[in-house]
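All figures in this text were calculated on a predicted structure; none of them were measured in a lab. What's counted below: heavy atoms across the whole structure, side chains too, no hydrogens, waters or symmetry copies.
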Amino acid sequence: MEKIVIIPTFNEKDNIASIIQAVFSLNQGYHILVIDDGSPDGTATIVKQLIQLYPQQLFLEERKGKLGLGTAYIHGFKWCLNRDYQFIFEMDADFSHDPNDLERLYMSCKNDGAQVAIGSRYVKGGQTENWPWNRQLYSRGGALYTKMLTWMPVQDPTAGFVCYKREVLEAINFDMISFVGYAFQIEMKFAAWKLGFIIKEVPIIFRDRKIGVSKMNKGIIKEGVLGVISIQWQSMFKNYRKRVKAS
């Protein structure tokens, strides 16, 4: 009950079995919680079949409808906290995050003093592969824009490959995390930073998905742009630290 990886899914039938097996093949004691948002392609059915092979390691939470990345992770965070996991990971299903990097994030939190470890594309040693120029522009531009507005000392604030120590998630009032898409990842890191937790970035190679369709769209990007302004506004004028801290 030490390490668990949360994988949110929507129409990931071509990836989900492979990513689950890749994590378990590490033989490092990871559990996996899949949060499926009613995938019409049968993603959840595949997970249910695999649960028969891994009944003590693999878990599934099904939700009705596509409710958003942020709410999926918060659902997963609460589930994991209720079961006493100590290191809680976020990871995509599409192999853009390499399962082999999980241990590097874990060791950063376990031995190197981090309370939040981020798999970062934009620190020394990190990079992206197979991304079109517009995707690079949105991502790098978004990271720079976020740093300029929030002053948060994180090079890759939109990263979705993260390890949280339990005490970080216990300290955050999830009701005050208001974004569900692109800005969710920013707000979680911002909340952890404002609450005084130690954030470290671990360089990774982020590879664009080979199978399936990206969930990125204009609405998610718009949420990120406006969300950063909202987050900083709250921080400056509405005692953000007090509001986001769990009672």
Test of understanding: clusters of I, L, V, M, F, W, Y form through side-chain heavy atoms closer than 4.5 Å, transitively. Do I74 and I6 belong to the same one? yes
Given 3.5 Å as the limit, does a donor-acceptor pair link the side chain of T43 with the main chain of K13, or not? yes
Identify, with sequence neighbours excluded, every residue that meets salt bridge (Lys or Arg N to Asp or Glu O under 4.0 Å) alongside R140. none
Donor-acceptor contact below 3.5 Å, side chain D92 vs main chain D94: no
Contact between Q28 and L102 at the side-chain level, heavy atoms closer than 4.5 Å - yes or no? no
Within the side chain of R166, is there an N or O that forms a donor-acceptor pair under 3.5 Å with the backbone of Y85? yes
Do the two ring centres, one from Y164 and one from F77, sit under 6.0 Å apart? yes
Any side-chain to backbone donor/acceptor pair from T146 onto G142? Under 3.5 Å, distance only. yes
Just do the side-chain contact (heavy atoms from CB on, under 4.5 Å) check on I32 and I7 with the steps written out, would you? CA-CA 7 Å; I32 296 174; I7 302 178; 3.9 Å; yes
Has K66 got its NZ or CZ under 6.0 Å from the middle of the six-membered ring of F10, at an angle within 45 degrees of the ring axis? yes
Is there a donor-acceptor pair closer than 3.5 Å between any side-chain N or O of R207 and the backbone N or O of E129? no
Could you tell me whether K48 and E62 make a salt bridge, using a distance below 4.0 angstrom between a side-chain N and a carboxylate O? yes
For side-chain contact (heavy atoms from CB on, under 4.5 Å), just list the numbers for E103 and L26, CA-CA rounded to whole Å, side-chain angles, deciding distance to a tenth of an Å, and then say yes or no. CA-CA 9 Å; E103 277 295 286; L26 297 172; 5.5 Å; no
Would you say I204 and D98 make side-chain contact, with heavy atoms under 4.5 Å? no
Backbone N or O of F87 within a donor-acceptor pair of the K110 side chain at under 3.5 Å? no
Quick one: does any side-chain atom of E201 pair with a main-chain N or O of D156 as donor and acceptor, under 3.5 Å? yes
Run Y30 and F89 through ring-ring contact (aromatic ring centres under 6.0 Å, His included) and show every step you take. CA-CA 10 Å; Y30 288 96; F89 297 76; 5.5 Å; yes
Look at the side chain of S108 and the backbone N and O of L105, then say whether any donor-acceptor pair between them is shorter than 3.5 Å. no
Between K78 and E61, does at least one N-O distance fall below 4.0 Å, as a salt bridge requires? no
For Y106, is there any backbone N or O sitting under 3.5 Å from a side-chain donor or acceptor partner on K3? no
With a 4.5 Å cut-off on side-chain heavy atoms, are L58 and V47 touching? yes
Is N173 reaching over with its side chain to a backbone N or O of D175, donor-acceptor style, under 3.5 angstrom? yes
K245, NZ atom: more than 12 neighbouring heavy atoms under 6.0 Å: no
Could you walk me through whether H97 and I19 pass side-chain contact (heavy atoms from CB on, under 4.5 Å), step by step? CA-CA 10 Å; H97 302 144; I19 196 72; over 6 Å; no
Will you find, in the side chains of E12 and S39, an N or O donor that is under 3.5 Å from an N or O acceptor? no
Hey, are the side chains of V244 and I177 touching, using non-hydrogen atoms and a 4.5 Å cut-off? yes
Trace of the side-chain contact (heavy atoms from CB on, under 4.5 Å) decision for W131 with R121: CA-CA 12 Å; W131 261 16; R121 298 161 288 188; 3.1 Å; yes
